[in-house]
Amino acid sequence: MVKTAQEHFSEEKKHTKIKHDLFTEALKASLSISNSLNYKDKSNIPFMYIDLYAGAGKFTDEKEGSPLIAINLISEYIEKRSFEHFEYIVTENDENNAKCLLENIKSKKECLNITDNDLKTALYCGHWEDLTPELSKYIKARKWGFVFVDPFSLELNLQELINVLNHNIYYKDIMILINKNAQERVLGKPDSPDIQKICRYFGIEETKLKRLINYIKVNQKGTNEDIIQYLTQKALANVDKDFKIYAGISRTREGELENSDRFYLALLTSSIGVADNFLNKYAELLEEKELRDNGGQQNLFDTSPQTKYVNLEETVMTTINKYNSMTLYELTKDLFNVFLSWKFTEDNQIPHRRALTIALNNLLNRKCINFEILGTLPKGCVNLGKNTILSKAFYSKDNMKHIKIGVAK
C-alpha cells in the first residue's frame, strides 16, 4: 500500500523531537558562526537556507517542523544586519502539503514582522531533482548556508544530492536524515524488487550490492547495519567536509522513546563550532535518556570531572597510539567522523569540546600524553605552567593545527 502524505506526516512525528533538537542546535551554530565572520569581515553576504523535503511546516498537533523552526532562528539575526538578507528555498512534492506550507510560511513571516526583502522565499512544489541545474548554480554562487534533507523512507538518491551540493560547499552545512530502519527491512530480503531502491539510494549496481551483502554477512559475519554504514560512508566520501557525524536516533512508540537506532542523522560540516553544538546536544539527549531509564538517579562516579570521561580517555589514547602523534585537529577529526548509537553510546563517550578538554587534561595530568606547540598559537589556548589545554584551543581549526599531541615516553 502506498502511504498518503498525511500518513507520512503522522509517521514522521515518531522521531521528530530528537531530530528537531539536533537540527535546531546545528542551524543555530551555523547562523551564529556565519554571522560573526560576516560581521568581522564586514562582508554583508546573504545566508541561504534550503529544505528539500519540507512537508507542510506544521504537524496536526500544531508543532512546528523544520521550515518554521528555521524561520524562527533566522528572525533572531535579521535585526543584526550582518547578512544582506536571507534566502530561503523549500521544496515539497505533495501538492496539499505544499499549499499548507505556503500558508504557514506566510503566517510565520507576518507574526515575526519579516519582510520579503529580509527573507527572500521560494517554494517549489515537485521533486527537487527537477531543479538540479538551477540548484547547483545557486549553491555554487552562495557562500554561507545550511541544507536540510529529510526524505521519507528510501526516496533519496544520495549521489544526485551530492552532485548538487558539492559546489563551493566549504562554508555550508548539510544535515541528512537516513532511514536506517527502512533500509534494514529491504536488505533483509535481497531478492525483493525493493532492493532497487537501495541501489538508487546509494548509487550502486545490484550485482555489486549483492556481492557486498554476501561479503559482509558471510565473510565478515557482519549485519545489515554494517552494510548501511559502509554504503553511507562510501556515498558521502567525496563531500568536501572535515567532519562527518552520523548520530543514531530513535522513534516514539506508544508515547515512549524506543531504545534503538531507527534513523541516522548525518551532519556534514567544516565548522568545529557546528559539529561541537551537535555533539553536545546529542550528549545531553543521551544523558536525559539515561536519567529516565534510572528513574532520575545519577551515579556520582559518572558525574565527577575526574571520572566522567574515562571511556573517552580510552578512545583518545587508542587513537593517538595508532599514529603515535597527531595534531589536535587531526585527533578531533578522527573522533568526530563516527557512527554514534542511540542504544549503545553513553553521554560520557561523546567527544564534544568540553568533554574532550577534560579527557585530554586528565591524560596530561597522568602523564599518558604530552603536547607541543607548532608555530605561533594565540594566547589562552594552553597553560604551559599547568601543562593543560584550554577550551580556546578548540575555537578554530587553525588553533587546533598548532597543537601536536603525542604518547608520553
Side-chain angles (χ1 to χ4, degrees), residues 26 30 48 50-53 89 91 127-151 154-180 183 187 196-213 215-216 222 225-248 263-272 274-275 278-279 323 326-327 329-340 397 400-401:
S30 184
M48 68 166 207
I50 297 177
D51 199 324
L52 294 182
Y53 296 89
I89 298 174
T91 70
H127 292 287
W128 67 264
E129 291 94 333
D130 298 334
L131 297 175
T132 51
E134 294 89 342
L135 278 173
S136 295
K137 290 178 184 176
Y138 173 75
I139 290 170
K140 188 175 182 179
R142 297 297 180 268
K143 182 177 181 179
W144 308 116
F146 192 97
V147 183
F148 187 51
V149 186
D150 185 5
L154 302 176
E155 61 188 319
L156 182 62
N157 181 329
L158 268 177
Q159 192 55 58
E160 190 166 4
L161 173 69
I162 297 313
N163 289 340
V164 171
L165 298 181
N166 222 9
H167 296 283
N168 188 25
I169 198 65
Y170 186 81
Y171 292 105
K172 303 176 185 78
D173 303 305
I174 306 166
M175 184 173 280
I176 308 169
L177 187 86
I178 297 167
N179 194 324
K180 172 178 173 284
Q183 290 167 345
L187 288 172
Q196 283 297 325
K197 294 180 181 179
I198 298 283
C199 294
R200 182 180 182 274
Y201 193 101
F202 289 111
I204 185 172
E205 295 174 9
E206 185 174 350
T207 53
K208 290 184 178 179
L209 176 58
K210 288 188 174 180
R211 283 204 301 268
L212 176 68
I213 293 171
Y215 174 75
I216 289 180
E225 183 175 32
D226 296 319
I227 296 168
I228 293 165
Q229 291 188 2
Y230 174 85
L231 289 170
T232 301
Q233 287 179 311
K234 186 172 176 60
L236 300 177
N238 294 325
V239 181
D240 185 18
K241 290 295 173 187
D242 288 330
F243 309 115
K244 297 172 186 176
I245 305 168
Y246 306 97
F263 306 87
Y264 283 125
L265 195 56
L267 176 66
L268 313 176
T269 181
S270 288
S271 167
I272 181 68
V274 173
F278 181 89
L279 287 171
Y323 301 98
M326 58 201 311
T327 64
Y329 164 71
E330 290 168 335
L331 172 64
T332 304
K333 188 173 179 179
D334 192 286
L335 294 173
F336 278 20
N337 293 343
V338 291
F339 280 84
L340 299 170
K397 289 184 295 186
M400 293 192 291
K401 289 176 181 179

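Residue numbers run from 1 in the order of the sequence given. As the structure is a prediction and not an experimental result, all values here were calculated from the model.
One finds the NE2 atom of His167 at 10.5 Å from the CD1 atom of Ile162 (value rounded to the nearest 0.5 Å). Going from atom CG of Leu331 over to atom NZ of Lys333 covers 12.5 Å, rounded to the nearest 0.5 Å. Atom CG of residue Asn337 and atom CG of residue Asp334 lie 7.5 Å apart, to the nearest 0.5 angstrom. The OH atom of Tyr171 sits 11.0 Å away from the OG atom of Ser271 when rounded to the nearest 0.5 Å. Atom OG1 of residue Thr91 and atom CD of residue Glu129 lie 8.5 Å apart, to the nearest 0.5 angstrom. To the nearest 0.5 angstrom, Leu268 atom CG is 9.0 Å from Ile169 atom CD1.
Side-chain atoms of Lys180 never come within 3.5 Å of backbone atoms of Gln229 as a donor-acceptor pair (strictly under, hydrogens ignored). Distance alone, capped at 3.5 Å, is enough to place a donor-acceptor pair between the Ser136 side chain and the Thr132 backbone. Proximity of a side-chain donor or acceptor of Lys172 to a complementary backbone N or O of Ile139 within less than 3.5 Å is detected. A donor-acceptor pair is defined here as one N or O able to donate and one able to accept, closer than 3.5 Å; such a pair exists between the side chain of Lys241 and the backbone of Tyr170.
Counting heavy atoms from C-beta outward, Ile272 and Tyr329 have side chains that stay 4.5 Å or more apart. Side chains of Leu156 and Tyr53 form a contact here, defined as non-hydrogen atoms less than 4.5 Å apart. Looking at Val239 and Leu165, their side chains never come closer than 4.5 Å, going by heavy atoms from C-beta outward. Leu209 places a side-chain heavy atom less than 4.5 Å from the side chain of Leu231. Considering only heavy atoms from C-beta on, Phe243 stays 4.5 Å or farther from Leu279 through its side chain. The closest side-chain heavy-atom distance from Val147 to Met48 is below 4.5 Å. Using a 4.5 Å heavy-atom cutoff, the side chains of Met175 and Phe146 are in contact. Two residues are said to be in side-chain contact when any heavy atoms from C-beta on lie closer than 4.5 Å; Thr327 and Met400 fail this criterion.
Annotation: side-chain contact (heavy atoms from CB on, under 4.5 Å) contacts of Val338 (sequence neighbours excluded): Leu340. Scanning for ring pair (Phe, Tyr, Trp, His ring centres under 6.0 Å) contacts around Tyr264 gives Phe339, with sequence neighbours left out. The side-chain hydrogen bond (donor to acceptor under 3.5 Å, both in side chains) test applied to Thr269 returns Asp173, not counting sequence neighbours. The salt bridge (Lys or Arg N to Asp or Glu O under 4.0 Å) check on Lys244 picks up nothing, with sequence neighbours excluded. Residues forming a ring pair (Phe, Tyr, Trp, His ring centres under 6.0 Å) with Phe278 (at least two apart in sequence, or on another chain): none.
A pairwise comparison of heavy atoms in Asn179 and Leu154 identifies O-CD2, 4.4 Å as the closest pair. The two atoms that bring Ser30 and Gly145 nearest to each other are OG-O, 3.9 Å, heavy atoms only.
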* Derivation and outcome, side chain to side chain contact (heavy atoms under 4.5 Å, CB included), residues Leu161 and Ile174 -> CA-CA 11 Å; Leu161 173 69; Ile174 306 166; 5.6 Å; no
* Asked: Step by step, would you call Gln183 with Ile178 a side chain to side chain contact (heavy atoms under 4.5 Å, CB included)?
  -> CA-CA 9 Å; Gln183 290 167 345; Ile178 297 167; 3.7 Å; yes
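The number of heavy atoms from other shown groups lying within 6.0 Å of OH (Tyr138) is above 12. Counting non-hydrogen atoms of neighbouring residues, nucleotides and ligands closer than 6.0 angstrom, the CG atom of Asp226 exceeds 12 such neighbours.
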Below 3.5 Å, can you tabulate the donor-acceptor pairs from side chains in residues 196-204 to any protein atom, sequence neighbours excluded?
{"from": "Gln196", "atom 1": "NE2", "to": "Glu206", "atom 2": "OE1", "distance (Å)": "2.4"}
{"from": "Arg200", "atom 1": "NH1", "to": "Glu155", "atom 2": "O", "distance (Å)": "3.1"}

